[in-house]
Structures are given as C-alpha cells and as structure tokens.
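Structure record follows, encoded as structure tokens.
These figures come from a predicted structure and were not determined experimentally. So that the names make sense, note that chain A is the first sequence line, chain B the second, and so on, each numbered from 1.
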Number of protein chains: 2
Amino acid sequence: MDGSRRLPVVTIVDVARAADVSRATASRALAGYGRIRPATRDRVRAVAEELGYRPNGLARAMRAGRSATIGLVVTDIANPFFAQATKAVASTASELGYDVLVADTNEDEKAERRAVLVFAEKRVDGLIVVPAPGSPHDQLLDAAYAQVASTPLVLLDRRRADHHCASVTSDDFRSAVDAVSLLVSHGHTRIGMIDGNWASSGFTSRRPRILGSAAAERIDGFREGLKRSGLSARPGWMLYASAREPYATQAAAASMLSERDRPTALVTNNSDVALAVVTVCHKLELEIGSDLSLVTFDDASWTAAIRPPISAVARPVAQMGEAAVRELVAQIGGRPPSPPIVLSNNLIDRRSVGVPDERRVQPHGEDSLLS
Amino acid sequence: MDGSRRLPVVTIVDVARAADVSRATASRALAGYGRIRPATRDRVRAVAEELGYRPNGLARAMRAGRSATIGLVVTDIANPFFAQATKAVASTASELGYDVLVADTNEDEKAERRAVLVFAEKRVDGLIVVPAPGSPHDQLLDAAYAQVASTPLVLLDRRRADHHCASVTSDDFRSAVDAVSLLVSHGHTRIGMIDGNWASSGFTSRRPRILGSAAAERIDGFREGLKRSGLSARPGWMLYASAREPYATQAAAASMLSERDRPTALVTNNSDVALAVVTVCHKLELEIGSDLSLVTFDDASWTAAIRPPISAVARPVAQMGEAAVRELVAQIGGRPPSPPIVLSNNLIDRRSVGVPDERRVQPHGEDSLLS
DNA sequence: TTGTAGGCGTTATCAC
DNA sequence: GTGATAACGCCTACAA
C-alpha cells in the first residue's frame with residue numbers, strides 16, 4: 001500500500017539527543033536567539049551539521065503562521081510576456097526571502113479559482129494573479145476571492161472591474177493612442193487593428209464581451225487615437241481573432257489584407273498576432289514598411305531581427321513583475337494596498353512603419369491576391 | 001513590529017464547536033471517511049460551508065508526511081524552451097494532484113544548490129531539476145543533493161555525469177548528426193557551428209570545460225556528423241559564444257561569416273543563436289538559403305514565419321515536461337527510478353537549407369563585406 | 001456512531 | 001543557561 005518508504009529525516013529532536021541537550025536548547029542554538037552558552041551553541045551546531053539536519057519548513061510555517069511562499073497565477077506561462085514576468089517575480093521574491101508557487105490557468109476562470117483556493121489552503125503569504133478575463137460578475141470567482149480575502153493580493157497585467165485591490169499594469173491605452181499617432185504622422189489614414197484573444201472563435205468584427213483589461217485598453221486606445229486624428233475605425237478593420245485556434249489570426253489578417261480596399265497600416269495586440277500578419281504578408285506578397293505598415297504590442301526577440309524590423313510597444317515586463325512582488329510583500333508586512341500602479345511602455349519606432357502607397361490600395365489598383 | 005494582523009482563519013475546531021461535535025467527527029464529516037451518521041455529516045458540512053472553512057494545507061502536509069507539492073528548478077524560465085517545459089510540468093502536475101514550486105537559477109550552481117535545499121526544507125514530495133552545467137565534481141552540489149537524497153529527483157533536459165538518477169532528455173546527439181547529414185546531402189562541405197552558452201565570455205574557438213549535456217551532445221553530434229561524411233570541423237568554424245553578453249553571438253557569427261573563406265552552412269545551438277545569425281546575415285547582405293544555409297536547434301515561433309523559413313530541430317518540449325512529472329510521481333509512489341528517458345526530436349526541413357554556391361566563398365570570389 | 005488523545009516538528013514562554 | 005511544556009491544525013487508532 002505504502003511503497004513510499006523514505007530515508008529517515010533528521011529532526012531537531014535527533015540533534016538535541018545527539019548533543020545531549022533539550023529541544024529548546026537545540027532550537028536556541030540553531031536559530032541563534034535567547035541566552036545560550038557559546039560552547040553549547042557550537043556543539044549543537046556541529047552535531048546538526050554532522051547529522052545533516054534540515055529544519056522542517058512545514059512545521060516552522062505552521063508555528064510561525066507564515067510560509068515564506070507566495071502564489072503566482074498566470075494565464076499562460078509559455079507566452080513570452082508572462083514567462084519574463086514569472087522570471088522577474090521569482091527573482092524578486094527570492095531576493096526578498098520568498099519562494100513561488102506557480103499555476104497556469106490557460107485563461108480559464110475555473111482553473112484560476114481552483115488555483116487561488118488551493119494556494120490559500122497551502123497558506124501562501126500572498127497572491128499575484130493575472131486574472132483570466134471572466135464575466136465581470138462571476139459568482140464563483142467572487143466567492144473564491146472572498147474566501148481568501150485575508151490573503152494579500154496583487155493583480156498583474158490586468159485589472160478586474162469588480163476587485164478594488166492592488167494592481168500593476170502598463171499604460172496600454174496611451175500606447176495605443178501613440179501607435180496610431182505614429183502611423184498618422186507618416187500619412188496613414190487607413191488603419192486597422194487585429195486583436196488576439198481567448199473568447200472568440202475564428203475571427204469576428206464584433207467585440208467580445210469578455211476581454212482582459214490590457215486588451216480592452218489597447219482597443220479603446222486605438223479607437224481614441226483614430227478619433228483624435230479625425231478618423232474612425234472601419235468595422236471590417238477592427239478584427240477579433242481567437243488565440244486558441246492556430247490559424248484564426250492568420251485568417252483574420254488574410255481577410256483584411258486581401259481586400260482591394262484594404263488598410264495601409266495595422267496595429268496588432270501582441271507579438272503572436274504580429275507574427276501572423278508577417279506570415280500573411282509573405283503569402284500575399286505585401287511588403288511590410290511599404291505596402292503595409294505595422295506596429296505591434298510586445299517587443300518579442302524576433303521583432304528587431306527580421307527585415308524590416310518591426311516597430312513595437314515594449315512593455316516593462318521585468319519592472320512589472322518586480323513591482324508586483326514588492327507591493328505584495330509590503331502588504332504582507334501589514335501595509336494597506338496601494339492604488340493601482342501603472343508603468344510606462346516604450347514605443348520603439350523601427351522600419352516597419354513607412355509612408356503609405358495609396359495607389360496600391362485604391363479600388364482601381366491591381367492588388368488583391370488570394371492566399 | 002507585527003503589522004500583519006489578518007482576519008481570523010476558521011479551523012476545524014471552530015467548525016466542530018459550531019456544529020457541536022468533536023474534532024474527530026468534524027474531520028470525518030469533512031474528509032468523508034469512517035462511520036458517521038449522514039445527518040451529522042451534512043450538518044457539519046453545512047456549518048463548514050457557512051463558516052468558510054478551508055483546511056490548512058500545512059497542518060495536513062505535516063500530518064500526512066506529503067505536501068502534494070513538487071519543486072521545479074530551471075536555469076532560465078524566460079527561455080522559450082523552459083517556459084514551455086514549465087507549462088507542461090505545471091499542467092501535468094496539476095492533473096496528478098500536485099502544485100509546483102518554481103525557481104530560476106540563471107545557470108548558476110549556487111542558486112541551484114540553494115533552491116534544492118530550500119525546496120527540500122519546504123518538504124516538496126519530489127524535485128525536477130534542469131541542472132546548471134557545473135564542474136562535474138562540484139562539492140557543494142554533491143553535498144546539496146546528498147542532503148536531499150531521500151527526495152525523488154528527475155533531471156530534465158540535461159544529465160550530470162555524477163548523478164545516477166532519472167533523467168528526461170531528447171536525442172540531441174543524433175539530431176546534430178542528422179542536421180549535418182541534411183546539409184551534406186545538399187552538397188555542403190564547408191559547415192560551421194555556433195554554440196551559445198553561459199560559461200564563455202565573448203566568443204572563442206576553445207571548447208569550454210563546462211557545458212550542459214544537451215549542448216555537449218549537439219556539439220559532439222555535429223563533429224560526428226562531419227566525420228561520417230569524411231569531413232572535419234575547421235577550428236575557426238566551431239565557435240562558442242557567451243549567452244550572457246547580448247552581442248557575443250552576433251560577434252561570433254560576424255567573425256565567421258565575414259571571412260573570405262567562410263562556411264556555406266551553419267548549425268546553431270538554439271533559437272537565440274539562430275536569431276543572431278539571421279541578424280548578421282542581414283548586415284553582411286548574405287541571403288539565407290542561398291549564400292548561407294542554416295539549421296537551428298529549437299523550433300521557436302518565428303522560425304517558420306520569416307523569409308526564408310528556418311530549418312529546425314524541434315524538440316518535444318511538452319512531452320519532456322510531462323514525462324518528467326510522470327516519472328517523478330511514480331518515484332514518489334515508491335517505484336525505483338527509471339533508466340534515462342530519451343525522447344525523439346523532429347528535424348523540420350524548411351527553405352533555409354539550399355545548395356551551396358561555392359563560387360561565392362572561394363578565395364577569388366568577391367564577397368567578404370564588413371558590417 | 002462518536003469522543004478522547006497523541007503526535008507530526010518547530011518555536012517560545014515560563015520556570016528552575 | 002537550560003529544560004519542561006504548550007501550541008500551531010490536522011488526522012486517526014482506540015476507547016466508549
């Protein structure tokens with residue numbers, strides 16, 4: 001039944017016995033508190049060393065009421081942005097004396113709820129959550145978070161309307177406005193956007209009810225940017241594609257770009273969507289920078305390496321992760337939650353943005369190649 | 001001093017009291033074992049629900065002797081390969097009832113040692129480690145692993161000569177041989193390789209003493225592949241570049257490729273090195289697929305999207321992560337460690353491999369452009 | 001069917 | 001300066 005026989009683990013009792021002192025003294029010697037004769041202390045420590053004593057973190061955590069562990073719940077660790085965020089969180093946490101329990105929800109609220117509950121049971125000292133974009137009044141989620149209301153919580157990358165708790169995001173609204181301005185300043189008036197999200201299936205021009213706050217900000221900022229230049233979004237030029245289905249984003253790009261009457265510039269929601277656009281441009285034999293200008297959110301490693309290099313909104317990932325941990329640890333220390341923390345993005349202008357060649361896209365032009 | 005006053009947490013004692021039963025009965029009701037009157041059970045459960053009772057995982061773990069948590073120690077979470085591996089590990093672990101503590105070592109053995117020790121203190125039920133390529137007889141590491149010898153351990157992606165424990169890797173040696181064969185079959189005889197690692201500084205043609213087993217296999221396989229075709233590695237065509245320093249890989253590529261007498265084909269150790277080669281080719285105005293053929297390890301998302309698409313050795317990341325967890329959980333269940341598990345890579349031939357244009361690289365050719 | 005009681009390993013308070 | 005003892009929250013053998 002129980003094949004899991006392990007080697008015996010050395011406890012503080014064993015150390016005490018071997019050093020011929022009481023548990024209390026052994027504990028004092030090891031933890032270095034209280035009054036203790038130096039000779040005794042050293043002897044106990046030597047014995048502990050020799051026996052290979054390792055304190056039991058569980059017992060210690062139970063006794064202390066803190067586990068020195070925080071929980072990180074992200075929507076997709078494999079996404080480069082979250083992978084980097086995770087790295088920053090782990091490294092800052094380690095620096096501050098915490099370990100990190102990590103869970104991947106695949107953008108699923110049920111999984112998020114489960115993770116939050118389980119982590120709370122494991123008595124993490126605090127939680128950093130990238131909330132899955134659920135219905136804003138999801139009862140399960142509310143219940144989950146209410147249950148762990150005593151656990152410090154910091155939202156990362158996205159906010160949720162119904163949670164008035166600390167959050168760390170970046171100013172995606174403003175960056176989207178700026179991205180549009182950049183395109184407009186090069187003479188573009190025919191500007192589209194493709195969003196990749198987990199709510200749609202295939203692609204559609206109808207805005208999903210459920211969007212992460214970062215995505216929503218980018219889309220709203222895009223619209224606002226157009227408005228400020230006296231432009232407006234054409235219905236077919238604002239497309240929402242499924243990030244779940246491998247080719248949905250390419251299909252969206254293809255549908256938009258193979259029209260005779262197509263946009264001369266595009267904003268994409270993240271680097272994966274940009275990659276899809278690049279792929280489709282190859283297929284349609286559109287040259288990026290001349291036939292189509294492109295600005296993407298998320299400065300992935302490849303954007304600067306391909307020809308032409310892609311202009312991108314670089315987000316301060318590492319700082320965001322670090323800020324989240326510092327805020328969390330402050331809360332663990334008893335400080336009340338900060339107001340939302342918003343860091344600045346950096347719009348890097350590369351050669352994927354050029355002057356529009358209007359002739360190519362007029363109805364009488366000779367483009368419109370099928371894939 | 002102690003600002004960390006939290007809301008009181010409901011324990012099983014509170015539930016018992018509120019339901020007017022003993023702790024034992026409450027426990028039975030909640031865990032659903034032993035003989036208990038259904039009415040009592042339901043009443044206790046209702047009370048627990050109402051009070052928002054959540055079991056204390058620490059206490060449970062201490063009592064049970066298992067924490068339902070595994071530790072994952074990787075060298076760099078931000079690296080796409082390990083990010084995907086982490087995702088697979090987390091998802092498989094979750095499926096099997098475990099949570100994952102994660103640590104990032106940045107390829108540093110000291111950090112690895114610390115993580116292993118701390119995770120052992122937190123009483124993880126098992127460890128999955130991507131070992132940092134340390135000196136094979138590092139005493140600190142040996143001591144660390146000896147101390148946690150009672151904890152099931154699975155090495156991921158790399159083996160260590162001095163550890164005879166379970167491991168999950170992929171057949172990189174064979175794939176390197178295959179990659180060379182592919183190039184040779186297209187007529188290449190002038191073949192180089194660039195390795196990116198954490199031991200070198202700048203770049204060098206001297207093989208570092210310290211290499212991860214995966215990297216070592218790729219390099220050895222490269223040499224073997226040449227040998228099998230009656231070729232041999234030219235000293236200046238097998239370069240080791242620092243992955244720590246941002247431009248070391250580009251410098252290595254530039255040095256190799258701007259020679260008059262340069263290779264017509266290149267194998268790269270991972271997708272980051274490949275990206276550097278692509279960048280350098282742009283600078284030197286070498287066309288990939290015609291002026292230079294390229295095969296890389298690790299099939300990153302962008303390899304198929306750029307022109308020409310890059311041939312790559314795709315590694316079965318997800319399966320590797322899953323296999324590691326399954327092996328670990330089996331060991332936790334008491335099964336002895338398996339012999340090394342080696343999964344198969346998949347060499348995807350794309351258009352970055354072409355026929356060599358020998359004229360361009362002969363001493364009398366008119367190439368050799370400076371950056 | 002239910003209650004009593006002991007112990008998991010640690011730390012800290014209180015006596016001696 | 002040191003030792004006995006209680007407590008953290010849970011589970012379960014045993015007694016009733």
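- No hydrogens or angles were tested; on distance alone, nothing pairs the side chain of R23(A) with the base of dA12(C) as donor and acceptor under 3.5 Å.
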- Query: Stepwise, does the side chain to side chain contact (heavy atoms under 4.5 Å, CB included) test hold for F82(B) with K87(A)?
  - Reply: CA-CA 11 Å; F82(B) 293 121; K87(A) 189 182 179 84; over 6 Å; no
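- In this entry the distance linking CD1 of I12(A) with P of dG9(C) reads 11 Å, nearest Å.
- When the nucleotides dG3(D), dC10(D), dT4(C) are ranked by their closest atom to the side chain of R60(B), dC10(D) comes out on top.
- For S22(B), the side-chain atoms get nearest to dG3(C) when compared with the rest of dT12(D), dG3(C), dG9(C).
- Between the P atom of dC8(D) and the NZ atom of K122(A) lies a distance of 23 Å, rounded to the nearest Å.
- For the pair N56(A) CG and dT11(C) P, the computed distance is 10 Å after rounding to whole Å.
- Atoms CG (D14(A)) and C1' (dT10(C)) sit 13 Å apart, rounded to a whole Å.
- Of the residues near DNA chain C, R123(B) and D20(B), the one whose nearest nucleotide (by heavy atom distance) lies more toward the 5' end is D20(B).
- P133(A) and E107(A) get closest at one heavy-atom pair: CD-OE1, 3.0 Å.
- Salt-bridge check for R17(A) with D14(A): passed, with a basic side-chain N closer than 4.0 Å to an acidic carboxylate O.
- Proximity note for A59(A) (side chain, C-beta onward) versus dG9(C), dT2(C), dC10(D): the nearest is dG9(C).
- Among the heavy atoms of the strands lying under 4.0 Å from R35(B) is at least one base atom, whether or not backbone atoms are also near.
- The side chain of P55(B) sits closest to dC10(D) out of dC10(D), dG1(D), dT12(D).
- Checking dT1(C), dG3(C), dT11(C) against every side-chain atom of Y33(A), the shortest atom distance belongs to dT11(C).
- A sub-4.0 Å separation between OP1 or OP2 of dT2(C) and a side-chain N or O of T25(B) is absent.
- What separates CD1 of I36(B) from P of dG3(C) is a distance of 9 Å, to the nearest Å.
- Put simply, CD on E121(B) is 10 Å from P on dT10(C), counting in whole angstrom units.
- Residue contacts for T11(B): at a heavy-atom cut-off of 4.0 Å it reaches the sugar-phosphate backbone alone, with no base atom in range.
- T40(A) has a side-chain polar atom (N or O) that falls below the 4.0 Å cut-off from OP1 or OP2 of dT2(D).
- Within 3.5 Å, no donor on the side chain of R41(A) pairs with an acceptor on the base of dG1(D), nor the reverse.
- The side chain of V13(A) approaches dT10(C) more closely than any other nucleotide in the set dT10(C), dC10(D), dG3(D).
- When distances are taken from the side chain of A24(B) to each of dC10(D), dT10(C), dT12(D), the shortest belongs to dT12(D).
- Side-chain contact check for S22(A) and T25(A): at least one donor-acceptor pair (N or O, by modelled atom type) lies under 3.5 Å.
- Checked by distance alone, R28(A) brings a side-chain donor or acceptor within 3.5 Å of a matching partner on the base of dG3(D).
- In this structure, R43(A) places its CZ atom 11 Å from C1' of dT2(D), rounding to the nearest Å.
- Residue-environment remark: CD (E50(B)) stays at or below the threshold of 12 foreign heavy atoms within 6.0 Å.
- Each of V21(B) and Y53(A) was matched to the nucleotide of DNA chain C holding its nearest heavy atom; the match closer to the 5' end belongs to V21(B).
- Nucleic acid contact class of R37(A) (heavy atoms, under 4.0 Å, all strands): sugar-phosphate only.
- Ranking dG9(C), dA12(C), dC10(D) by closeness to the M62(B) side chain, first place goes to dG9(C).
- Minimum heavy-atom separation, A88(B) to G321(B): CB-CA, 4.1 Å.
- Separating the CG atom of L30(A) from the P atom of dG9(C) is a distance of 15 Å, rounded to the nearest angstrom.
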